[in-house]
Structure formats: C-alpha cells, structure tokens
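Just below is one structure, and these are the notes that go with it.
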Amino acid sequence: MSRPVPAIVILGNGSLATARKIQQVYPGALIHGLAERVDGADRVYREFGVTLRELYQQDTPIIALCAAGIVIRTLAPLLLEKGAEPPVLAVAEDGSAVVPLLGGLGGVNVMAREIAAALDVAAAITTSGELRFGTCLLNPPSGYALGDLELGKRFVSDLLAGEAVRIEGAAPWLAQAQLPEDAQARLAVHVGHAEREPAPNELLIYPRNVVVAVDAGLEDVASAVREALHQAKVAVQSLSCLLAADSEMANPTLREAALELGVPLRFTSAGADVGTRLRTAIDHPVSILGNDTVVMAVAEQPLDPLQIGRPRGRLAVIGLGPGAAELMVPAVKAELSRANDILGYETYVRMAGPFRADQVQHCTDNREEMQRARHAFELAAQGRSVVVVSSGDPGVFAMAAAVLEALHESTDARWHNVDLEMLPGVSASLATAAQAGAPLGHDFCVLSLSDNLKPWSIIEKRLDLAAQADLALAFYNPISRSRPWQLGLAIEIVARHRLPETPVVLGRDIGRPGQTLRVTNLGALTPDQVDMRTMVLIGSSTTCVFPRVEGGEWVYTPRWYGEKPTS
Ligand code: SAH
C-alpha cells in the first residue's frame, strides 16, 4: 500500500549530497532547492516559508535539510489548524542528525529510522512509547486502522507505567516490537474486524479487510452500508473500500457515500450478480455476507483498495499561469503532483515539470489539440489521473475548449464518466496588465488575432466594433511567421477610432526568464515591436499614464467612465 512521496527541501549546495542519499530511500521524491543557491535541484523554489507551508497543507511529507528551529517557526502558524498532519523531519545538512518533528501518527518515526539507517546515524526519536516498544502502537501500518486515538493514548501511558499486555488476533507488525507480553495481562491489543464496544483495557485495531459492493439505487448509501455492516457484526472501521459497477462511475450519491465513510470508491464491470462481481474483483479468498441490497466480502488479510477493481479516471485541464511558479495556483500544483500522465505542448510540459519517474509525459506539437484531447480521455477512461497543460488559463485560447469539444463529439460512456475538471490560471493579459498597473481596470475586450481557426473578416469586424465601443483591447496571438501582415491591419482598424496618444502596453515572456514590458502608444506601435510571445494591450479613451518613481510608467484605466464621480 503506497505512502505519499516526500519532498526533500534544501537551502544550499552544501546539502545536496545528503539530499541525494535520502532520495535513494524514497525513489520518486524530488529535491526542492532554493533559487540561485542550489544548482541541480529537481525543483526550484523562491520562498522557503511559502514552499514549506504549501507542502504541509498538501499533506506532503517534508524532509527539510536545515535547523529544526527554522522548520518549527515556519510551520508554527499552521499547527493549530489541523488534526492530521504529514510527517515533518529536520535533517542536519551533513547528514549527522535526523530529527522527527511532526506527524507521529503519520509515521514520522518510521521515516526517521529509514533515513538514519541510510545516513548511518541514529534517529533522534523522542516519543516514549516508540523508544520503549520500538513501534508506535497508535500508528499501525497501512491496511490497519486504530479504533480510538484518545483511548489509545491512555492505553499507551498505562503500558509505559509498567503494565504488561496481551495480543489478541493477528498483528504481524508487532512481532519485532519489544512489548512486555504476558498471556494473563489486563491490557490487550485486540486486532479483528468484529464490531466491538471499546473497553478501557483494550487497544482496538481493525484490519481493513472488508469490501462492500453497493448500488446507487439505494436511498441513503452510507446508512445502508453502516446498517448492513452492523447486521453482520462487522466494524465499519474495517471497511477498505466501496465497490460499484462501472456504469455508476459518475454517480454523485456514491461519491458522497464514499466520502462520508472515508473510504475509496472503486469500480468493476457490471457482472452477473453482486456476489460474483465482488469475488472476481478481489483476488483473495473471501467470504460473502450481507442482505439483498448490500453485499460484503470479508478477507483474512487486509485488502489493498488499489488492487480492487479500478478508480474513476480523472482529467484535469490546468493553467500554468504565465510562467513563474509563484503565479501558479496551489490547486494546479497539487493536481500536477497527483497526475499519472501529463499531456501538452512540449514547452508547457517542460514548464510544468520536473516530474517523478513514475509520471508519464506525452509531449505533442502545438497544433495537435484535438488529438491530444482524445488521447487524454483514452488514458483517463482507463482509470488514470491525467493532466492536460496550457499556459496562462486553460479556458483562454487553449485546451479546455478543445477537451470539451472532444467530449461533446463522443458517445463513449467511458469518456463521459471521467471526472473532468478545469483548473484556472493567470492569463497572459492579466499577468501583463498587473505589471503595467491596471490598463484593464474598466471594460475590456479579449481577442485572438490568429486567423487559423476563424476567418480574417470576422476578426476585422470584431476589432472595428470593439474599437468603436471604446473598450480597452487585449490581443493574444498577435503575429507569427505564417501571419505576418494581420497585426498591421489590426492597428490601422483600431487607429480609425482612437487617438495616436492612446497608451499601449507590450508584455513579452511575462513571468518567464528575460521578460520585458514596454509602454508605448498607438501612433508609435509597429508590428516589428511584437512577436508571438508578446501580449498587446491597447488602452481606451480614458486610459492614462504617469511616471513611477523607480523609473518607467504606471498605466491605468479608471473604474469610471464619463464624468469622474466626486469623492
Ligand atoms: N492560454 C493562454 C493563451 C494562449 S494563446 C493564456 O491564458 O495566457 C498564446 C498567446 O498568449 C501568445 O501568442 C501571446 O500573445 C500570449 N502569451 C502567452 N504567454 C505569454 C507570456 N508569458 N507573456 C506574454 N504573452 C503571452
């Protein structure tokens, strides 16, 4: 059963060697290096605090190669907010010390031991139970669930006070622990899937060895599952996943039920009866229990939900923003880290990376949008988590519309069942406007000057009307080698309705290395100042310009139109 891949965060080149050794313990973990301080990191960040907090909030285990104090201070504002937390460790730059800081229940001590072993030092374990017994009793391995944390804490303190313990049921991971075992002990660790009232002298641990097959026709799926488990005297904590038929993949009732029960939802082809479907989806010997509407399979061993049926596939069409990592929204970063497949124009896929070895990159030419969209659905329909990347915002002259067009044209139910979501990004016009001030501060019109997918006549008409309407204008795709003359004509059309002094902003490679921002005016604007990596913003009749103290100018379009309001 897979654990989340940790992030290794370093501040300087001095930590790189230690970071690489730790990376060998967690293949797939990326080394995040501070910009301009670290050469050859897998991923570059600018702000330590922001980066660490973001990782923490995404539940990513953190291995920070720096002073424990820095990590504590950085994460302190977040610590009160949250019950569950990812493991967080501080490791000395030279690898001489490994200090687990947070995430005791998320297995931080296990990680500390793994890292310490690789670095050939001792982990600074400070958890008493862990020290004494060699394991954290409250953190059973995956595949098992702790009954109750508060009762568990009391149980461990009784043990620490010197009491002995019995083990009931199969707890293979405790074989190596140094527990004071005694068959007559008052305290007992009880491992089993039977429904049971917790007694004060018992630590209940449930194997997740039960799968329930459900049908979306039920009125209240979660309650029906609880009731059926109760009837069969099976603990709800032993539930590993819900299993439903493929045809019900997009059903919101099932999704909500799985969420409420806190288990994954898996799918299988609709077979004969539910019992057979369950038996075929699980390649372990199971006994089948239940009633007419809810059927369950109980195995001897914990069941890994990842091995049962398949998940609902996901397709996210994401916007990277203009380029700089700080301008990428956190939801997009999280989506990129969960993706199995990444599709897009090579330049953008590279911008979205780097990726782990287990993530598949499918780079294609910029013009193959429909083919890329169909390929994305094919992958997602297999249950994979797929990301299609666009620069800026995916809904602005980019992949989101192509993906929807592909779906609209398709009658394939598997495609329509995919969990499809668009995640927005900062579009080039907005990124450029922000750098110039607020040239789009009032009504504006966004146009692509490319006549690849629309006739030039419609572009001329729209330009003419938008210029006449005195809207500020944002031109995407202003010019290219195959479209050399269109921009000159566009400028002419706008100039029929606007004065030569009208402010113009040219943003090139905004948010990327070597970005330039230039403020000029309509009279001075010529196509040779513009290329395909440029955003052209043309002001309205109210757009103004004034000098900035640090040099250059501020450009803005006031919020009002006509008479300036008083105050
Ligand atoms: N989806 C993108 C736009 C794709 S169209 C977005 O929302 O930004 C491509 C055009 O966008 C380019 O021809 C250029 O005009 C503009 N563009 C994209 N990225 C840019 C950047 N970083 N700086 C300036 N213009 C950019």
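Reckoned from all heavy atoms, side chains included, excluding hydrogens, waters and symmetry mates. First listed ligand is number 1; within each ligand, the first listed atom is number 1.
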Task: Close residues, ligand 1: non-hydrogen atom nearer than 4.0 Å - done: Pro322, Ser391, Gly392, Asp393, Val396, Phe397, Ala398, Ser427, Ala428, Tyr476, Asn477, Pro478, Gly507, Asp509, Ile510, Arg512, Met532, Arg533, Thr534, Met535
Open item on the list: Closer than 4.0 angstrom, basic N to acidic O: yes or no for Arg310 and Asp246?
Closed with: yes
TODO: Using a strict 4.0 Å threshold on nitrogen-to-oxygen distance, state whether Arg414 and Asp412 make a salt bridge.
DONE: yes
Open item on the list: Check this for me, if you would: do Glu54 and Lys333 make a salt bridge, where the nitrogen-to-carboxylate-oxygen distance has to be below 4.0 angstrom?
Closed with: yes
TODO: Just say parallel, tilted or perpendicular for the rings of Phe546 and Tyr556, cut-offs at 30° and 60°.
DONE: perpendicular
Open item on the list: Angle between ring planes, Phe48 versus Tyr45, binned at 30° and 60°: parallel, tilted or perpendicular?
Closed with: tilted
- [ ] Fit a plane to each ring of His375 and His362, take the angle between them on a 0 to 90° scale, and name the class: parallel (under 30°), tilted (30 to 60°) or perpendicular (over 60°).
- [x] perpendicular
